[in-house]
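First comes the structure, then the notes that go with it.
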Amino acid sequence: LEEGWDKEVSHFIERMIDPAHAKAAVFRFALDDYGARARRVEAWVRARCALFALPYGDQGLLISRHHYQNVGGFEAEPLMEDVSIIRRIGRRRLVFLTSKAVTSAVRYRRDGYISRPLRNFFILTLYFLRVPPRVLVKLYG
């Protein structure tokens, strides 16, 4: 996590005193690659989050135990469990922090900075079309 994340998280937690107004939070996505291709992927993730309020698990999830239990926790799925819980939390109860969660770019380097996001989008589309996660995990690679 980016330096200063702890202050931002503390502030978020202080505001979440009332369980009736519970929210969850996620960090900003960043790759551990300093090239232009990585910045384009980060821009795509920012757009996906802004338009659809749909962060992935590599952005972390801050959620109280009470709120986690109320939304049903993580489902026992081999893939897309992060998307499932985010959808149950809902756009109105999701806060996007400004601190970055820096994640590995290994898959992007290996699979390509264009083909990996396209594959992820394809899998997400199939998930929304209700293709079972056990099938998606085979396609995900």
Side-chain angles (χ1 to χ4, degrees), residues 1-16 18-141:
L1 296 174
E2 181 177 53
E3 188 174 327
W5 68 270
D6 52 335
K7 291 176 186 157
E8 188 175 23
V9 167
S10 292
H11 183 63
F12 170 77
I13 291 170
E14 287 170 7
R15 292 180 296 160
M16 295 299 111
D18 182 6
H21 297 95
K23 294 190 178 203
V26 296
F27 293 95
R28 204 168 101 207
F29 176 83
L31 289 170
D32 66 352
D33 182 322
Y34 299 103
R37 296 177 301 173
R39 299 299 77 79
R40 283 193 291 274
V41 170
E42 291 169 1
W44 160 247
V45 171
R46 279 193 308 278
R48 184 188 70 224
C49 290
L51 293 171
F52 305 112
L54 195 57
Y56 289 166
D58 51 11
Q59 289 178 249
L61 179 63
L62 299 171
I63 186 169
S64 71
R65 179 182 300 209
H66 182 263
H67 192 35
Y68 177 81
Q69 290 170 339
N70 279 347
V71 299
F74 280 109
E75 295 177 348
E77 297 178 347
L79 192 67
M80 306 306 282
E81 72 285 352
D82 52 350
V83 173
S84 174
I85 195 169
I86 290 296
R87 291 182 72 204
R88 286 180 278 126
I89 289 168
R91 176 185 293 268
R92 291 188 177 161
R93 292 193 170 218
L94 190 62
V95 173
F96 288 88
L97 303 174
T98 59
S99 298
K100 294 177 186 175
V102 181
T103 192
S104 172
V106 168
R107 286 187 181 193
Y108 292 93
R109 287 186 199 106
R110 182 189 67 213
D111 300 340
Y113 281 86
I114 294 173
S115 59
R116 172 46 68 178
L118 287 176
R119 180 184 293 178
N120 291 347
F121 180 73
F122 176 68
I123 297 294
L124 182 64
T125 301
L126 291 177
Y127 175 76
F128 284 129
L129 292 172
R130 301 194 185 275
V131 173
R134 70 181 189 295
V135 174
L136 298 179
V137 77
K138 294 176 184 173
L139 298 171
Y140 184 71

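Along the sequence shown, residues are numbered consecutively beginning with 1.
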Does the side chain of [Y] come within less than 4.5 Å of [X]'s, by heavy atoms?
X: Glu75; Y: Arg88; result: yes
X: Arg87; Y: Phe128; result: yes
X: Leu1; Y: Val9; result: no

Testing the basics here: between [X] and [Y], what is the closest heavy-atom pair and its distance to 0.1 Å?
X: Tyr127; Y: Pro133; result: CE1-CG, 4.4 Å
X: Ala22; Y: Arg93; result: O-NH1, 3.3 Å
X: Val26; Y: Phe96; result: CG2-CD2, 3.4 Å
X: Leu136; Y: Ile123; result: O-CD1, 3.9 Å
X: Thr98; Y: Arg28; result: O-NH1, 3.4 Å

Before you tell me yes or no, could you show the steps for Leu31 and Glu42 under side chain to side chain contact (heavy atoms under 4.5 Å, CB included), namely the whole-Å CA-CA distance, both residues' side-chain angles and the distance that decides it to 0.1 Å?
CA-CA 7 Å; Leu31 289 170; Glu42 291 169 1; 3.8 Å; yes

Working to the nearest 0.5 angstrom, can you tell me the gap between [X] [atom1] and [Y] [atom2]?
X: Trp5; Y: Glu2; atom1: CH2; atom2: CD; value: 12.0 Å
X: Leu97; Y: His11; atom1: CG; atom2: NE2; value: 10.0 Å
X: Leu94; Y: Cys49; atom1: CG; atom2: SG; value: 8.0 Å
X: Glu77; Y: Asp82; atom1: CD; atom2: CG; value: 9.5 Å
X: Ile86; Y: Glu81; atom1: CD1; atom2: CD; value: 11.0 Å
X: His67; Y: Met16; atom1: NE2; atom2: CE; value: 9.0 Å

Taking atom CZ of Arg92 as the centre, does the number of heavy atoms from other residues, nucleotides or ligands within less than 6.0 Å exceed 12?
no

Check whether more than 12 heavy atoms from other residues, nucleotides or ligands sit under 6.0 Å from atom CZ of Phe74, and answer yes or no.
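Yes, the 6.0 Å shell around CZ holds more than 12 heavy atoms from other groups.
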
For a quick test of your reading: what N or O donor-acceptor pairs under 3.5 Å do the side chains of residues 50-61 make, sequence neighbours left out?
| from | atom 1 | to | atom 2 | distance (Å) |
| --- | --- | --- | --- | --- |
| Gln59 | OE1 | Tyr56 | N | 3.3 |
| Gln59 | NE2 | Phe27 | O | 2.9 |

Show every donor-acceptor pair shorter than 3.5 Å between a side-chain atom in residues 105-117 and any protein atom, with sequence neighbours excluded, or say none if there are none.
| from | atom 1 | to | atom 2 | distance (Å) |
| --- | --- | --- | --- | --- |
| Arg107 | NH1 | Tyr140 | OH | 2.7 |
| Arg109 | NH2 | Asp32 | O | 3.3 |
| Asp111 | OD2 | Arg116 | NE | 3.1 |
| Asp111 | OD2 | Arg116 | NH2 | 2.5 |
| Tyr113 | OH | Asp33 | OD2 | 2.4 |
| Ser115 | OG | Asp111 | O | 2.1 |
| Arg116 | NH1 | Asn120 | OD1 | 3.2 |

Scan residues 123-141 for pairs that pass salt bridge (charged side-chain N to carboxylate O under 4.0 Å, His left out), counting only residues two or more places apart or in two chains.
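Not a single pair qualifies under salt bridge (charged side-chain N to carboxylate O under 4.0 Å, His left out).
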
Dump the intermediate steps for side chain to side chain contact (heavy atoms under 4.5 Å, CB included) on Met80 and Leu124, then the final yes or no.
CA-CA 8 Å; Met80 306 306 282; Leu124 182 64; 3.5 Å; yes

